[in-house]
Amino acid sequence: MSNYSLQSYKGMATRHTCPNCGDRHSFAYYVDEQDTPLHLSVGRCNHESSCGYHYTPKQYFHDHPECRTTNDFSFGRQRVEQKNKQPSQPTSVCYIPIHYVEKSQSVHSNFFHFLSMLLTAYYGSKAKEVLNRLLEEYRLGATREGAVIFWQIDRMNKVRTGKVMQYNPEDGHRIKGGQTSAVNWIHSILKKQRILPEKWQLSQCLFGEHLLSSNPDKVVVLVESEKSAVIGSAIFPGYVWLATGGKSQMKEEKLRVLSGRTVLLFPDADGYAEWKQRAGSMTFCKVIVSDLIEKNATPEQKAAHIDIADWIVFQIRESKIMCTANHLVEAERILQRMIEKNPVLQKLIDDFDLVLVGASPIGKDEVNPP
């Protein structure tokens, strides 16, 4: 039986029409070692929140037991011979020259405009200092059209790629429709310009990963979106805020850089159960899963799939950010057992009394409270 995995991204030709939502460039097939799809319906849609379609090979073979054979498999009505498995060759990580980051670094993006308004309302005259720090630490870039570039720079300070997204400068929400592409990638742009060779392969890392080396003792806060990491760092600078880049991007090869660290996960409104489950396999670090949004977001906020950035913005605009301290009782009870083993966590409680409402510890030596 072939081993199937999601098709690696090699440009738009490897992203197909989703059988559920109909988006023409959002669906990744499950393919075998020869890059042959199992079936046109077997794969995952990139629109995890709005669509969420994910049909695995295991589910497909359960639904179609006649296709589960020893030496071959069915694709549509054709029988395809399985070729002898070739040993996989190790591939080296490809990088983008750092001067593209330096050239792009700018405050002239719509995202940075929104960030400036938000932090000015919160910090007043101190906002400029905070904005400069965020610009330098996260190396925020901008395109001529005002889209922000979130650069992925690994702990060796090497550039993996840049994620290009457009935001509404007034409310900070992503612009996904119309003439604007939801997401673009610097490596894809450079490939089209023939600056990068066609054989260049993407290997992603955590957004903000380069900050780990210079902050070896800080607690790491891991969120889904790059926007959340930047806004979180703006309000709570005592932690290293990193982003996975997507709900399904909690992959071990990306998370291994967190070995030995204490990590606080802030899942989005629709990701708490999945992230809590995935955190159970992160045995290489101490993990705390926050249930802030899970327990306190309104039904309307959950339906809108808010994240920690949306929550912080809401708290600031409603002048309620201090009120969340009343919800710390549960978090303190849960974390008290862990403080005895790691005194650094006391500072986490002290600093997060403005935001953290509850947390569920995950670890082989921890027992979840009833």
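Nothing here was measured: the structure is a model prediction, and the numbers come from that model.
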So does [Y] get a backbone contact from the side chain of [X], meaning a donor-acceptor N/O pair under 3.5 Å?
X      : Y      : result
Asp154 : Asn157 : yes
Trp200 : Leu190 : no
Ser104 : Val101 : yes
His210 : Glu137 : yes
Arg261 : Lys286 : no
Ser116 : Phe112 : no
Tyr272 : Phe266 : no

Less than 4.5 Å apart, side chain to side chain, heavy atoms only: is that true for [X] and [Y]?
X      : Y      : answer
Cys18  : Ser26  : yes
Leu206 : Leu255 : yes
Tyr100 : Ile195 : yes
Val220 : Tyr239 : no
Lys247 : Glu274 : yes
Gln204 : Arg160 : no
Asn46  : Phe27  : no
Asp310 : Gln301 : no

task = Measure across Val257 and Lys254 and return the closest heavy-atom pair with its distance rounded to 0.1 Å.
result =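 For Val257 versus Lys254, the nearest heavy atoms are CG2-O, 3.4 Å.
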task = Say whether Ser233 and Arg133, considering side chains only, have a donor N or O and an acceptor N or O under 3.5 Å apart.
result =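 Indeed, the side chains of Ser233 and Arg133 share at least one donor-acceptor pair under 3.5 Å.
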ask   = Picking from Thr14, Asp35, Thr36, what satisfies side chain to side chain donor-acceptor pair (under 3.5 Å) with Gln7?
value =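 Per the side chain to side chain donor-acceptor pair (under 3.5 Å) rule, the option paired with Gln7 is Asp35, out of Thr14, Asp35, Thr36.
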message = Would you say CD of Glu198 has more than 12 non-hydrogen atoms from neighbouring residues, nucleotides or ligands within 6.0 angstrom?
response =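 Counting other residues, nucleotides and ligands, CD of Glu198 stays at 12 neighbours or fewer.
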task = Report, as yes or no, whether the 6.0 Å neighbourhood of atom NE2 on His108 holds more than 12 heavy atoms from other residues, nucleotides or ligands.
result =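 No.
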query = Quick one: which of Trp151, Phe150, Phe207 gives a ring-ring contact (aromatic ring centres under 6.0 Å, His included) with Tyr138?
reply =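 The option that passes is Phe207.
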[X] side, atom [atom1]; [Y] side, atom [atom2] - distance, nearest 0.5 Å:
X      : Y      : atom1 : atom2 : value
Lys251 : Thr244 : NZ    : OG1   : 10.5 Å
Ser225 : Asp307 : OG    : CG    : 4.5 Å
Asn110 : His113 : CG    : NE2   : 7.5 Å
Glu145 : Gln166 : CD    : CD    : 8.0 Å
Met165 : Glu226 : CE    : CD    : 4.5 Å
Trp275 : Glu224 : CH2   : CD    : 6.0 Å

task = Could you tell me whether Lys158 sits above the aromatic face of Tyr95, with NZ or CZ closer than 6.0 angstrom to the six-membered ring centre and within 45 degrees of the axis?
result =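 Checked: cation-pi criterion met.
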query = Taking the six-membered ring for Trp, are Tyr167 and His173 ring centroids under 6.0 Å apart?
reply =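 No - the distance between ring centres of Tyr167 and His173 does not fall below the 6.0 Å cut-off.
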key: Val219 vs Val263, side chain to side chain contact (heavy atoms under 4.5 Å, CB included): CA-CA, chis, key distance, verdict   = CA-CA 6 Å; Val219 170; Val263 183; over 6 Å; no
key: Derivation and outcome, side chain to side chain contact (heavy atoms under 4.5 Å, CB included), residues Val42 and Tyr29   = CA-CA 6 Å; Val42 184; Tyr29 291 143; over 6 Å; no
